[in-house]
Amino acid sequence: MLETESAAFVSRHARSHALAGRGKGHWLAGVPMHWMSDWGTPFPMHVAAAQGAELEDVDGNRYADFCLGDTGAMFGHSPPAVTAALTAQARRGLTTMLPGEDATVAGELLAAQFGLPFWQMAQTASDANRSVIRWARAITRRPAILVFDQCYHGMVDDAFVRLEAGTVRNRPGLVGQATDLAVNTRCVEFNDLAAVESVLKARDVACILAEPVMTNAGMVLPDPGFLDALGRLARRHQTLLAIDETHTLSSGIGGYSRVARLEPDFFIAGKAVAGGFPCAVYGFTAEVEERIRGMLASKPPGHSGIGTTLAGNPMAMAALRACLEHVMTPAAYTHMLAMAERLEDGLEQLVDAERLPWHVQRVGARLEVGFTREPPRTGRQSIDKLPSLLPDAIRLYLLNRGLLITPFHNMMLMSPVTPAASVDRLASAWAQCVNELRRIAGPAGTSKS
Ligand SMILES: Cc1ncc(COP(=O)(O)O)c(C=O)c1O
C-alpha cells in the first residue's frame, strides 16, 4: 500500500515536488524545520493556503484538515476574530517591549477561563515549560524535576529523558546534548503512583511536569483517580505540580484541569491558545506568585534568566485577547466535542465490525487510533506496540483522498468549523483503507479472527 500510495502522491504533487527540490539547495532537509520532511510522504507537500478546517496545497489539491498544525490551528485556520485583531494591531506596531490595553484584558480573560490568578507570556510552549521549571526550582530551592516516561514537552532539555530498565537516561536520538540529564531529572511510568511517591520522598523534586493525558506517545489516559492522587502526593512532599495543557486544551473550556477539577500550581498552554499565532502562556496560584515575588525581592541583582524579547509582543497580546474573547468559547467546544464523538462512534463501529485488534482514545476534541486491542496504561506500552509501517500507510492513504491527519502518530483533531460531512468522509475513508489493507494482505488478512 505504501508503494501504491507513494506513487499516487508523486503524480498529484508536481509543484510540491519542484519546490521541495529547490528547497534542498538552501534548507537543511529541504525545509525550514528539518522534521517537516518526516511526514512519510515521498517529499514534503507544500501549502498554498489554509482556511477554517481546510487546507490547499500548491498543486491545488484540497484537504479536510484534521491535523490542524498539530494543534496550533485547533480553533480553525485564521479564525476571523484573531485575523481581524492581528490586522488592526499590525498597523499599530509589531513589537514594543511594553504592555498595552490588550495585555491587561488578556490577563483578566486568562484568569477567568483557566481559574489561575497570575500569568506570564512566552512565545512557545517549549519556552513556557522551561520558564516554569526555572521558577519552580527557584522558589522551592530544589534541583530536580519529575516527568513521565515517553513524555514530550517541547524543546525542553530537562524533559528529554527515557526510562530504560528502571534507569533514567538521555533520550535516544537526542543530538548535541552534552549533559547527563539524569542528574536532575527523575522519570517514572505514567499511572505509577508508587514510583512517583518513591521519587518524591527524597524531597529534592521542585516540580512534576506532566500532561494530564499523554498525547505524544499515542494517547495514554490517566487511570481513574491518578491525577488527584498525583496532586495529593505532590502537596505532601512540597513538590509543585505543573500541568502542560498544550494539547489537552482540546478537553473543553478551561482545558483538562478545569474539566477534571485538578488544582495545579502551574498551568501551561501554547500552540492554539492565541488562535495559532505564536504565543504561549503559563499561569500559577496566588501562593506561587507570592513565593516568586519574595524570591525576586531577595535575590542578588542581575538577569533572572527567564524571558525572551519578543514574548508578550502586542501582536501576540491582540491574538490572545481575541482568541479568548471570541474563539475559545463554550459554543466552539460544543461543536468540537460533538464532531469528535461522531468520529469516535464511526471508528469504534469499524473496529468492532471488522474485529480489528485496535482501540480508539479521545480527550475532548482530540482522537487517536491505537494499534492494540487494549489501550496502553504507560507511554512505554504505547510505544512498544506501535507498528512500524502501518500508520504511515494509513496516513498516506487518507492524504491521497483529501484527508489530512497528524504525522508521527494518528491524531485527529476537530475545530469549531469542522463540518460533519468531513468527519463522515474521514470515518468512511478509514473503513475503505481497512478493506484495502485486507485485500493486499490476501486470504490471511481477510480472516476476521
Ligand atoms: C504537550 C506539549 N507541550 C509542549 C510542546 C511544545 O510546543 P512548541 O513546539 O510549540 O514549543 C508540545 C509540542 O508538541 C507538546 O506536545
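One-based numbering, in listed order, for ligands and for the atoms of each.
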Considering all heavy atoms, the nearest L241-A234 contact:
CB-CB, 4.5 Å

What pairs of residues pass the ring-ring contact (aromatic ring centres under 6.0 Å, His included) test when at least one of them lies in residues 359-417, not counting sequence neighbours?
W358-F371

Within ligand 1, which atoms have a heavy atom of [X] less than 4.0 Å away?
X	answer
N129	3 (N), 4 (C)
T246	2 (C), 3 (N), 4 (C)
N216	1 (C), 15 (C), 16 (O)
H153	3 (N), 4 (C), 5 (C), 6 (C)

Which part of M155 is near ligand 1, with near meaning a heavy atom under 4.0 Å away: side chain, backbone, both or neither?
neither

Which residue and heavy atom of the protein sit nearest [atom], plus the separation:
atom	answer
atom 14 (O) of ligand 1	K271 NZ, 2.7 Å
atom 7 (O) of ligand 1	A125 CB, 3.4 Å
atom 2 (C) of ligand 1	D244 OD2, 3.4 Å

Are [X] and [Y] close enough for a salt bridge, meaning some N to O gap below 4.0 Å?
X	Y	answer
R293	E289	yes
D70	K271	yes
R130	D127	yes
R380	E189	no
R321	D102	yes
R186	D158	no

Answer yes or no: does an N/O atom from [X] fall short of 3.5 Å to an N/O atom of ligand 1?
X	result
E211	no
D70	no
T215	no
D127	no

Nearest candidate to atom 6 (C) of ligand 1, where distance is taken over non-hydrogen atoms, out of G69, C279, P212, G154:
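That would be G154.
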
Which of the listed options, A128, S126, A122, holds the heavy atom that is closest to atom 11 (O) of ligand 1?
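The option holding the nearest heavy atom is S126.
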
Applied to residues 393-417, the salt bridge (charged side-chain N to carboxylate O under 4.0 Å, His left out) test, sequence neighbours excluded, yields E5-R401, D392-R395

